[in-house]
Structure formats: structure tokens, C-alpha cells
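All remarks here apply to the structure that follows.
All heavy atoms count here, side chains included; hydrogens, waters and symmetry mates do not. No experiment lies behind these values; they were computed from the predicted model shown. Order of the sequence lines sets the chain letters (A, B, ...), proteins ahead of strands, with each chain counted from 1.
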Amino acid sequence: MADFIIAHLYPELMNLYGDRGNIICLQKRLEWRGYNSYIEAISPGCQIEFNQYDMIFMGAGSDREQKLVVNELVHNCSDLKLEIEQGLPALFVGGAYQLLGKYYESSDGVQMPGLNLLDFYTQREQNRLIGNIVLAASLHGQPFTVAGFENHAGRTYLEDKEIKALGRVISGFGNNGEDEQEGIWYKNLIATYLHGPLLPKNPILADYFIEVMMNRKGITFASRLDDHIENFAHEQIKKKVLG
Amino acid sequence: MKKVALIIAIIAGKFAACLSKMVGTGGTSIPGKIALKLYPQILKELAANISEEIFVVTGTNGKTTTTNMLAGILKEKGYTFVHNRAGANMITGITTAFIKETDWLGKRKTAYALLETDEANVPLLLKQLHPRVVLITNFFSDQLDRYGELDTTINLIKDAVRDTNIELVLNADDPLVTHFKNDTGLHCWYYGFDDTNYDRVLSEEGREGRFCVFCAHELYYQRFHYAQLGKFCCPECGNKNPERNFTAHSLMLTPKIEMKVNDIEIISPYQGFYNAYNVLAAVSLAKLVGIEDAIIQKAIANYEPDAGRMEQFEINNRKVTLILVKNPTGLNQALAAINTEPARKTIFFALNDNVADGRDISWIWDADIEQITVLHLNVEAIVCSGQRSGDIALRFKYADAPVDRIYIEDELQSGIKKALSVAADATYVLSTYTALFICRDILIKLQQESIASADLIDQIQKSTES
Ligand SMILES: [Zn+2]
């Protein structure tokens, strides 16, 4: 029996850019602390019982796949919303981020409805926002940086000023290239355009999810890991981007 | 009597070449070494079988690539030629190449000889044969440890060509090369670059050749093309770039090399300014041979770098394999190849994120690195290098490689040396595109040094015996 179960939503559809690096990271960091975990891949057509999971993850996908996923999830949407409100840890990347909002508008003005979990919308533009990105964020009042890579045509606008962004853009584009905001951080849900291996080189974020998972099970999170390679990779990007 | 000795030497050399092919080691210098021992005049005799011309290519960087490209052009034209392969550029390696091309009696004629020659071996070689052309690519100081002063090497080559009728083909942009004309009085052809979009006005590094070879005044540079190669003049004595016979202009470096050499449009799948110099040198030589533009263009365009397709090197008795990796599929294949190697091994991985590599390095997480079960497979060390050394190190860490076997060395040369210094029988050098040719140059150099030191040990043993 696994100590933790993480649901990987629709890996066949949403797996553009090495997103499994995030799953590998969570699993290894649990393992190094003495806990085993099980990754449950959710395929289209499955009925999802969100309250059975310790965390959910969904990666990036193209517009077509996003549409399929919205059609899948729209039936379990109220359950998902309830669990998110109750603090279920969740990481949504790229296209998965976009579908949490009200709608996604293509460049010719056609609107594709989202899950409407949170109050934001996304508009597609011709030119893509691509490159290394560094954010300033904070956790428990402690400032930290987030480093990653973004590649998206969508511009996301947060309408509800109550929704907090994941961080402020120090270098890069972020949600829309205008307001210096990147991603959203709502309860224990993080949604972001930083795709690929976000968690391996941002161990603070990885451990944030692990800490929440453990606390929700009544386990005290204490042990630190040797993160010198993680921190080296993180600083390498910062140095590259910020000079 | 003399003829019999020659034939015996050829047979011994060919036999040694067959043997080393079967054993699977490089075997590029041993056949020549044996044959030279049996018959010291062998190179002189076999060189007489060249019916047209002999070309010698020397200099610090680019001689292998330049010679290979010229070989591609001669092949396209349908000419026969003797050509010593990658790195075997000492007298022994050159002798091996002649033995391979001749018949058992040492009589078969070949039209041309293309001889990539180590700088210090040029004087020795010119005592054995008489080339029409000696091409000098450039002089950099990175072989100082082997030959002492760079100046000494340059003077030895100068002395060797003086009072011959050799034509020199010289890099017009390198102040350490251009002065050969004044000091030898030989007929010189010059190749070089016009202004390019890639030039810098200030050099970032201190370089050889910052001082005028004639008056020792500091040279004034208008532009730097690449390292100390550029547009220079001496404010004291007027020493400056000579007039070019072959001018490269309209240079584009990405996604491949595109330029014009005089009027000929040249496209090459190679990358980097230093390779543009190699292409220019090869085209200039081909023009001197009198080869048609269309054939030159076709050969250069089709000359794909074979670097990184499991290219083999032998360094200090260790098998070293260079593999280009650029996507998950290719990386999986490379790892599968490493898995089948039973010997103890080390891995070097250079991950860059320039445009030609792909700026997004996420793909390394889609590759099945987990198939490398480090402890079971005798992987003694994993050296992570390049602009994104941290990301590839993390990838190996999360694939369960023990942290105490992961080393980070951003700098390619020290990284490769680290991978070669950890005890093992084989080393795999994996690299993304923009680090590939640099890694390759480093491996070629290390291979040459390992051949040279083996020769040296040989000589010391011989002298203590006698
Ligand atoms: Zn001067």
C-alpha cells in the first residue's frame, strides 16, 4: 500500500515538454524521505474520485488536446473545485493552466469554454512568448526565486484581483508579457506557464507540495535533503538570465 | 636487396594494419611505425608513387576538418589520393596511410596525397617528400606544453620550407602566419575573410599575436573575426593583412555556414566561425588544384560532419566514443549503446542551450535515463558539462545515479579531462550540437598527445636499451 497517491491527469494527451520530470521529482523526494508513492495515470473516460488522491498533476498539451480534456473534466468539475477549495495540492502546467479559467479565445476570436474554476481568461496571439524565465515569489513570508522555461501563445489575464500570482516576473514574459505576473497560486493549487522540469530545479516548490501532502495526512514534515545540485541548476539559469 | 626490404616493410605494415583492425584499436600509427623500423626510406619511396601533387596541411586548429573536406572534393571529382585519417598526423600515421594505399610491391600510383601534418612533424616530413603546397591554418599557443615556445615551432617550419619551390597557402587573417612570405620569399597564396556580421571590435581574451612579429609593437586590430584572426595593422612598421587571393564574404553562420568565396556560393552543413575558416581553406586549395566550381560546391554541401556518430578515439589506451545527442530518441539510443559496453566506463555529457541545440532543454526528461543503472553497469563517473550542466546533472540524479559519482564541470576541456582521469576502460562523450565540434577538437588533440607520449616512451626505452 502506497503512502501517497498522485493522480497524473491524461498523460497520453497532456505531455508536451518533459512534464514527467515533475512527477519523477515528487516521487524521488518522497522516496528519499522514506515514503513510497504511487502514480495513477488517469485516462479519458475514467470517473475520477478526486478525494482519493494526495495530489493531482496535469501537464501541457496543444489546443486540440485541451479541448478534449475540458470535455472530460467538465462532468467532475464540481468535485475538483471542492477538493481545491479544501486544499488538495495540485500542479497545472501550460495548457492545463489555461483550461482552469473561464475561456480560451483563439486568435480569430473563437471562444473555447474552460472549467471556470477560477476567475481568469486567456487570449491567443500570433507570436509565442518563449525563453528562460525567473520569478520572485514568497512562501510563509520567505522570499525565493522560481526558475524555468516558458513557451506559450496564450496571454492569460487574472480578473479577480484576489487571486494571487505564483510570482512576479524578474526576467521573461509571464502570464501576458504586460503585467509582470506569472501563474496563479490559489490555496494549494499552482498553475503556471513554466513547463517541463519545474520542480527538480525549484526544490522549494517541490517540498512545498510534499509538506502539504504530509500535513494533510498528519505527518510532520521535517527532513531536509541535500539540494546542492538542485540549487546549482537553479542558480545557473538565474546567472544566465540575470547576468 | 633494397627492393626486398621495401616489400617486407610494406607487407609487415599491411599485416599490422589488418591485425589492429581485427583487434579493434585505432591502429593508425603502429603499421607505419613497424614499416619505418624495417625500412627507414619507405616514406620517400612510396611518396614517389604520387603522380600529380602532394598537399600538406598544418597549423594548430582545423587541419583535420580542412583535409577531410578537401578529400571530399577530390573524391567528388573522382581522383585517387592518399589521406591520413583524423589525428594520425605524425610521420608514423602518414606512413600508414601510404602503405594502405599502395599494393604489395609498393608500385601502385595514386594521383594526390593530402597530408594533415602535426606542426612539429613538418620539418621531418619535408625531408622525405616534396609537396607542391603547404597550407597553414593558424597558430595558437595551446600546444606550448609539448613543444616549448610557439615561436620555435614556427621557426622550424620556416626553416624547413626555405630554399624549396613549395607554394604556401596562408591564412591572411592570422598575424602569426602571414609573415611567412617575408621570411621565406616563397610564392604565397592567401585566404581570408572580408568584414562579417560576426566580427567583434574588441577581443575578449588575451591572445597570441598581439604583438607585431617584425617590430614587437602592439598590433592595432580593426576587427576580430575569431580569436586573434582579424583585420590588423602595426602602427610602427606598417605590417598588415596581405592582399587576399581567396576572399570569403557575405558570411552567414546559422543554421549552417553560407558564404561566397570570391564568386563561388558555398553552403556547408558545418557550424561555427572556425569551421567557416576550414571550408574557406579547403575551397582555396581545391581552386589551386583546378577543380570546377560546381564540384567544389557539391562536395562541400554534401560533406556532412560525421562527428558524433559514434566516432571512436583512443586516448591513453582507453576507448573513447563521441556521440551527438539532440532529442530523447537519440539519447535513448546512445544510452542503450553504453549499456551494452561490458567494461568499466565513465560518461561525459555536454548540454548546451543555444538556438542550434534547442533553447528548451526539457527534452532530457523525456529520455529514459533510468535505463542507466549506474551501479550495475559499472558507470564510475558522470561528468556534467556545458551551459546547462546543472540540468543534466539533476536528470542523472533523479534517475538514481549516486550523487558521489556525479561531477559538474561547466568547462568542456576540464570536464573531458575529468571523465578521462577517473579509472575506467571506456569513456562516452555525449554532446549537444554546439558543443560537439569543440569536444571533438579536444578529443583529437588528446589523442595526438597520447600517440606522441607513447612514441616518446618508445624512444626512451630504445635509448636505454642501446
Ligand atoms: Zn610592426
Checklist entry - From A:I237 CD1 over to B:D353 CG, what is the distance, rounded to the nearest 0.5 angstrom? => result 8.5 Å
Checklist entry - For B:I364, is it the side chain, the backbone, both, or neither that has a heavy atom closer than 4.5 Å to a heavy atom of chain A? => result neither
Next on the checklist: Tell me the closest heavy-atom pair linking A:Q236 and B:S389, and the distance in Å.
Outcome noted: NE2-OG, 2.8 Å
Checklist entry - For B:R388, is it the side chain, the backbone, both or neither that has a heavy atom under 4.5 Å from a heavy atom of chain A? => result both
Checklist outcome for this item: What one should report as the nearest heavy-atom pair of B:R359 and A:N132 is NH2-N, 4.4 Å
Checklist entry - When only pairs under 4.5 Å are counted, which of B:D391, B:D366, B:D360 shares the most heavy-atom pairs with chain A? => result B:D360
Next on the checklist: Taking side chain as everything from C-beta outward and backbone as N, CA, C, O, which of these in B:I361 sits under 4.5 Å from a heavy atom of chain A? Side chain, backbone, both or neither.
Outcome noted: side chain
Item to check | B:A393 to A:I229 - nearest heavy-atom pair and separation | outcome: CB-CG2, 3.7 Å
Checklist entry - Which atom names give the shortest non-hydrogen contact between B:S362 and A:G196, and what distance separates them? => result OG-CA, 3.7 Å
Item to check | Portion of B:Q387 that has a non-hydrogen atom of chain A nearer than 4.5 angstrom | outcome: both
Checklist outcome for this item: Heaviest contributor of heavy-atom pairs below 4.5 Å to chain A, chosen from B:P328, B:G390, B:C384, is B:G390
Checklist entry - Below 4.5 Å, heavy atoms only, C-beta onward: do A:Q27 and B:Y398 meet side chain to side chain? => result no
Item to check | Straight-line distance of B:K397 NZ to A:D227 CG, nearest 0.5 Å | outcome: 5.5 Å
Checklist entry - Using a cut-off of under 4.5 Å for heavy-atom pairs, which of A:K239, A:K201, A:H234, A:R29 has the most such pairs with chain B? => result A:K201
Item to check | Heavy-atom pair of closest approach, residues A:G18 and B:W365 | outcome: O-CB, 3.6 Å
Checklist outcome for this item: Bottom line for A:E230: the part with an atom under 4.5 Å from chain B's heavy atoms is both
Next on the checklist: Is B:I408 in contact with chain A via its backbone, its side chain, both, or neither, using a 4.5 Å heavy-atom distance?
Outcome noted: side chain
Item to check | Structural part of A:K240 lying under 4.5 Å from a heavy atom of chain B | outcome: side chain
Next on the checklist: So for A:H228, is it side chain, backbone, both, or neither that comes closer than 4.5 Å to the heavy atoms of chain B?
Outcome noted: side chain
